[in-house]
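Residue numbers count from 1 along this sequence. Please read these numbers as outputs of a predicted model, since none were measured by experiment. Atom set for the values below is all heavy atoms of this structure, side chains included, hydrogens, waters and symmetry mates excluded.
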Amino acid sequence: QSVAIELSSLTFGYPGGRRLYNRAHLLIPANSVTIIGGESGSGKSTLINLLLRLYAPQEGVISIGGIDIRRISRTELRRKVGVVTQNHFIFQETLRDNLLIAQPDASDQQILQALERAQLKEFLARLPQGIETVMDPRGIGASTGERQRICIARLLLRESPIMVLDEPWSNLDDRARKLLAEVINACKSTATILILTHERHPALAVDRLY
């Protein structure tokens, strides 16, 4: 189920560099869309690495659902915290197999539901063999927005209670941006949504902005 993320007195900076977080306090509520804004280099993507325990804070605590993440294994964190980066990784496998990466025992019905929730019904209808169509890893046959929503469908299939999107609006046209905003708005009924970006779309129902 969706859970809140809280940063308490978080301090972090790379060796030899300035502090990116200086005793920061942030609350990212459950079942919400929270944006953390800022230009490149301001520490947005660093927060993903801190959430996944790839880096450790110099001071302070990050908690998920009231539990200090140092008490949660990295494997479990990566199951609970689903991340969609700016690089939308599509493998030279069928669309089904591209989604089963997230949840190997998912049924075809669950796959189709995840694709529909990710606004990929039209995309699926274009594919000659449906979910059995082999995808091109270079992105041929799928737009940037469609590849991004395939990555979101993976998180929906896995039922990730926390979804993090890093600069999700990059290289999307207006229609793709609107579709993405609609998908995100619908996802917050079951997940905590954290978006790291220097821009936002007017159709996005933002609950909190830092």
I need the [X] [atom1] to [Y] [atom2] distance, nearest 0.5 Å.
X    : Y    : atom1 : atom2 : result
H25  : S8   : NE2   : OG    : 6.5 Å
S170 : H198 : OG    : NE2   : 6.5 Å
R154 : L99  : CZ    : CG    : 6.5 Å
I62  : L26  : CD1   : CG    : 9.5 Å
N171 : R147 : CG    : CZ    : 9.0 Å
S9   : N22  : OG    : CG    : 10.0 Å

[X] vs [Y] side-chain heavy atoms within contact, under 4.5 Å:
X    : Y    : result
I184 : L180 : yes
R78  : L54  : yes
V81  : I64  : yes
R208 : L27  : yes
L95  : L115 : yes
R70  : V61  : yes
T85  : I48  : no
L52  : V83  : yes

Tell me, with the steps shown, if L20 and R18 meet side-chain contact (heavy atoms from CB on, under 4.5 Å).
-> CA-CA 6 Å; L20 294 171; R18 65 183 175 84; 3.8 Å; yes
For Q110 and Q103, what are the C-alpha separation, side-chain angles and deciding distance, and is it a side-chain hydrogen bond (donor to acceptor under 3.5 Å, both in side chains)?
-> CA-CA 10 Å; Q110 289 172 311; Q103 189 67 30; over 6 Å; no
May I ask you to check whether over 12 heavy atoms, not counting those of [X], lie within 6.0 Å of atom [atom1]?
X    : atom1 : value
Q86  : CD    : yes
K80  : NZ    : no
E159 : CD    : no
R23  : CZ    : no

Distance-minimising heavy-atom pair for [X] and [Y]:
X    : Y    : answer
A30  : V3   : CB-C, 3.7 Å
A153 : A118 : CB-CB, 4.0 Å
S189 : A186 : OG-O, 3.1 Å
D166 : S45  : OD2-OG, 2.9 Å
M135 : I150 : CE-CD1, 4.0 Å
L204 : A181 : N-CB, 4.0 Å

For the pair [X] (side chain) and [Y] (backbone), establish whether a donor and an acceptor sit closer than 3.5 Å, ignoring hydrogens and angles.
X    : Y    : answer
K178 : A203 : no
R177 : W169 : yes
D207 : T34  : no
T11  : E59  : no

Intermediate values then yes/no, side-chain contact (heavy atoms from CB on, under 4.5 Å), H201 and L172 | CA-CA 11 Å; H201 193 278; L172 297 186; over 6 Å; no
[X] and [Y]: same hydrophobic cluster, using ILVMFWY side-chain contacts below 4.5 Å?
X    : Y    : answer
I131 : I90  : yes
L51  : I28  : yes
I193 : V164 : no
L124 : L155 : no
I5   : Y21  : yes

Could you tell me which residues satisfy side chain to side chain donor-acceptor pair (under 3.5 Å) with Q58, sequence neighbours excluded, listed by chain and number?
->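 Counting only residues at least two positions away or on another chain, Q58 forms no side chain to side chain donor-acceptor pair (under 3.5 Å).
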Looking at residues at least two apart in the chain, or sitting in another chain, which of them share a side chain to side chain donor-acceptor pair (under 3.5 Å) with E39?
->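 Applying side chain to side chain donor-acceptor pair (under 3.5 Å) to E39 gives none.
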Output all residues satisfying ring pair (Phe, Tyr, Trp, His ring centres under 6.0 Å) with Y55, sequence neighbours left out; order by chain, then residue number.
->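 Ring pair (Phe, Tyr, Trp, His ring centres under 6.0 Å) check on Y55 returns F12, Y14.
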Partner residues of F123 under the ring pair (Phe, Tyr, Trp, His ring centres under 6.0 Å) criterion, sequence neighbours left out |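 Residues passing ring pair (Phe, Tyr, Trp, His ring centres under 6.0 Å) with F123: none at all.
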L194 vs T192, side-chain contact (heavy atoms from CB on, under 4.5 Å): CA-CA, chis, key distance, verdict = CA-CA 7 Å; L194 174 60; T192 303; 5.8 Å; no
side-chain contact (heavy atoms from CB on, under 4.5 Å) evaluation trace for R79 with S160 = CA-CA 7 Å; R79 282 197 59 80; S160 297; over 6 Å; no
With sequence neighbours left out, what residues match R53 under side-chain contact (heavy atoms from CB on, under 4.5 Å)?
->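 Per chain and number, R53 pairs via side-chain contact (heavy atoms from CB on, under 4.5 Å) with I69, R74, L77.
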With sequence neighbours excluded, give me every salt bridge (charged side-chain N to carboxylate O under 4.0 Å, His left out) pair touching residues 135-146.
->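 Non-adjacent pairs meeting salt bridge (charged side-chain N to carboxylate O under 4.0 Å, His left out): R126-E146, D136-R138.
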